[in-house]
There are 2 protein chains.
Amino acid sequence: MDGLNPELMRGSLELMVLSVLSDGSKYGYLIQQSLRDASDELVELKAGTLYPILHKLETKKMVRCRWDDSTGRRRKWYELTAAGKKQLKVRVDEWQAYVECLRRVLGPLADPSSMPA
Amino acid sequence: MDGLNPELMRGSLELMVLSVLSDGSKYGYLIQQSLRDASDELVELKAGTLYPILHKLETKKMVRCRWDDSTGRRRKWYELTAAGKKQLKVRVDEWQAYVECLRRVLGPLADPSSMPA
DNA sequence: GTCGATAGATTGCGGGGCTATGCATCGTGA
DNA sequence: TCACGATGCATAGCCCCGCAATCTATCGAC
């Protein structure tokens with residue numbers, strides 16, 4: 001991770017991976033870059049973090065994968081399954097419930113009008 | 001935890017504790033209840049989770065505490081220090097940067113208009 | 001021909017939340 | 001009266017997860 005608090009990231013990494021896979025199948029390295037781009041350089045997912053997540057998603061049948069050996073560079077393409085797409089929706093809902101909950105807990109602290117320059 | 005994804009909670013628990021302490025000093029059990037109330041019953045912080053957090057905050061001088069033995073029921077009151085209040089502001093900013101970042105990563109998925117009934 | 005970027009993967013650690021447990025007090029109700 | 005549930009604080013150990021470190025291999029550039 002980079003400019004953001006790493007502690008906060010824990011738990012939403014899987015959601016992010018599912019999310020970047022939602023607009024088409026990608027291989028690992030591409031997922032890293034997509035996430036980096038989508039997050040304005042704020043999320044730099046390390047390989048040692050990404051691959052275990054992908055393997056876990058594969059085990060849970062959330063993604064399906066296919067080796068591409070047509071080029072010299074071996075690439076493993078990951079694609080969301082139907083279950084994965086469904087799971088993504090669930091996770092997005094959970095995320096939004098969580099954000100809403102935190103907003104309530106923080107109360108006025110979360111209100112930008114109470115944060116002077 | 002309760003109705004929310006526990007994985008997501010990890011990392012923001014300390015922020016929540018700092019937050020509930022921001023409107024006056026409280027003792028442990030009260031903090032649990034305040035958080036439960038403020039979150040609409042969604043956050044049920046277990047004692048085994050709360051006290052280690054409080055001890056850590058104490059070690060880091062973010063809170064100061066005082067035993068109250070005036071009643072039969074011993075209570076340990078926690079109060080934010082100046083450093084704690086500052087830390088809370090920092091954490092809130094980090095939280096908002098994180099939410100903003102996730103919104104970017106999720107893209108249209110985070111857009112309520114794309115979520116049909 | 002060597003170095004950096006691309007590409008995939010595993011191991012082991014460290015940190016943090018939770019379950020379980022322990023101790024003590026107070027109010028309620030049987 | 002005394003047992004039980006709620007109040008109140010605390011620690012130990014398990015388990016999960018992110019990450020640094022490490023390994024292998026290919027490709028383009030210099």
Side-chain angles (χ1 to χ4, degrees), chain A residues 1-18 20-21 25-37 39 42-60 63 65-78 91 98, chain B residues 1-18 21 25-37 39 42-60 62-63 65-78 91 98:
Chain A
M1 241 51 70
D2 213 12
L4 295 178
N5 185 329
E7 305 300 324
L8 289 175
M9 299 287 190
R10 303 175 65 106
S12 63
L13 299 179
E14 209 174 290
L15 167 61
M16 294 194 233
V17 171
L18 287 171
V20 296
L21 280 176
S25 47
K26 294 181 173 61
Y27 54 92
Y29 200 80
L30 241 187
I31 293 173
Q32 281 182 295
Q33 296 198 314
S34 298
L35 203 45
R36 200 172 62 86
D37 292 348
S39 71
L42 289 175
V43 183
E44 304 264 6
L45 206 53
K46 303 306 189 307
T49 301
L50 176 60
Y51 291 109
I53 288 176
L54 288 171
H55 301 332
K56 196 175 124 200
L57 287 174
E58 192 186 349
T59 302
K60 293 196 290 177
V63 299
C65 53
R66 197 177 64 255
W67 280 104
D68 173 21
D69 292 345
S70 67
T71 61
R73 197 98 75 185
R74 292 175 80 230
R75 282 171 180 147
K76 199 171 176 182
W77 291 78
Y78 295 88
R91 295 303 195 88
Y98 172 49
Chain B
M1 241 52 70
D2 212 13
L4 294 179
N5 185 327
E7 306 299 325
L8 289 175
M9 299 287 191
R10 303 176 64 107
S12 62
L13 298 179
E14 209 175 290
L15 167 61
M16 294 193 233
V17 171
L18 287 171
L21 280 176
S25 47
K26 295 181 172 61
Y27 55 92
Y29 201 80
L30 241 187
I31 293 173
Q32 281 182 294
Q33 296 200 315
S34 299
L35 203 44
R36 200 172 63 86
D37 292 347
S39 70
L42 290 176
V43 182
E44 303 266 5
L45 206 53
K46 302 307 188 308
T49 300
L50 176 61
Y51 291 108
I53 289 176
L54 288 172
H55 299 333
K56 198 175 122 199
L57 287 174
E58 191 186 349
T59 302
K60 294 195 291 178
M62 298 298 147
V63 299
C65 54
R66 198 176 64 255
W67 280 103
D68 173 21
D69 292 345
S70 67
T71 61
R73 199 98 76 185
R74 292 177 79 228
R75 284 171 178 147
K76 199 172 176 183
W77 290 78
Y78 294 87
R91 294 303 196 89
Y98 173 47

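Letters A, B, ... are given to chains in the order of the sequence lines, protein chains preceding strands, and every chain is numbered from 1. Computed from a predicted model, the values in this text were never measured in an experiment. Keep in mind that the numbers below use all heavy atoms, side chains included, and drop hydrogens, waters and symmetry copies.
At a threshold of 4.0 angstrom between heavy atoms, the contacts of A:Arg74 are confined to the sugar-phosphate backbone, with no base atom among them. Residue A:Gly28 is classed as a sugar-phosphate contact, given heavy-atom separations below 4.0 Å to backbone atoms only. The residue A:Trp77 sits apart from the nucleic acid: no heavy atom pair falls under 4.0 Å.
The minimum heavy-atom distance linking A:Val63 with A:Leu54 is given by the pair CG2-O, 4.1 Å.
Between the side chains of B:Ser12 and B:Tyr98, no donor N or O sits under 3.5 Å from an acceptor N or O.
Residue A:Tyr51 has a polar side-chain atom (N or O) positioned under 4.0 Å from OP1 or OP2 of C:dG8. The phosphate of C:dA9 (OP1 or OP2) has a side-chain N or O of A:Lys76 nearer than 4.0 angstrom. The side chain of B:His55 contributes no N or O atom lying less than 4.0 Å from OP1 or OP2 of D:dC9.
Judged by closest nucleotide on DNA chain C, A:Gln33 is the one of B:Ile53 and A:Gln33 placed further toward the 5' end. Both B:Tyr29 and A:Gly48 lie close to DNA chain D; mapped to their nearest nucleotides by heavy-atom distance, the more 5′-ward contact belongs to B:Tyr29. Closest-nucleotide positions on DNA chain C for B:Lys56 and A:Trp67 were compared, and the one nearer the 5' end corresponds to A:Trp67. Positionally, the nearest nucleotide of DNA chain D for A:Arg10 lies more toward the 5' end than for the other of A:Arg10 and A:Arg73.
Distance from the side chain of B:Lys46 is smallest for C:dT19 among the nucleotides C:dT19, C:dG15, D:dC19. Closest to the A:Tyr27 side chain, of the nucleotides D:dC27, D:dT11, C:dG8, is C:dG8. Candidate nucleotides C:dG16, D:dA10, D:dC19 were compared by shortest atom distance to the side chain of A:Leu45, and D:dC19 ranks first.
The closest donor-acceptor contact from the side chain of A:Ser39 to the backbone of A:Leu35 lies under 3.5 Å.
Rounded to whole Å, atom C1' of C:dC18 lies 11 Å from atom CD of B:Glu7. One can place CZ of A:Arg75 at 11 Å from P of C:dT6, the figure rounded to the nearest angstrom.
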Open item on the list: Determine whether A:Lys56 and A:Glu14 satisfy the following criterion, side-chain contact (heavy atoms from CB on, under 4.5 Å), listing intermediate values before the conclusion.
Closed with: CA-CA 9 Å; A:Lys56 196 175 124 200; A:Glu14 209 174 290; 2.8 Å; yes

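Interatomic distance, B:Lys60 NZ to B:His55 NE2, rounded to the nearest 0.5 Å: 14.5 Å.
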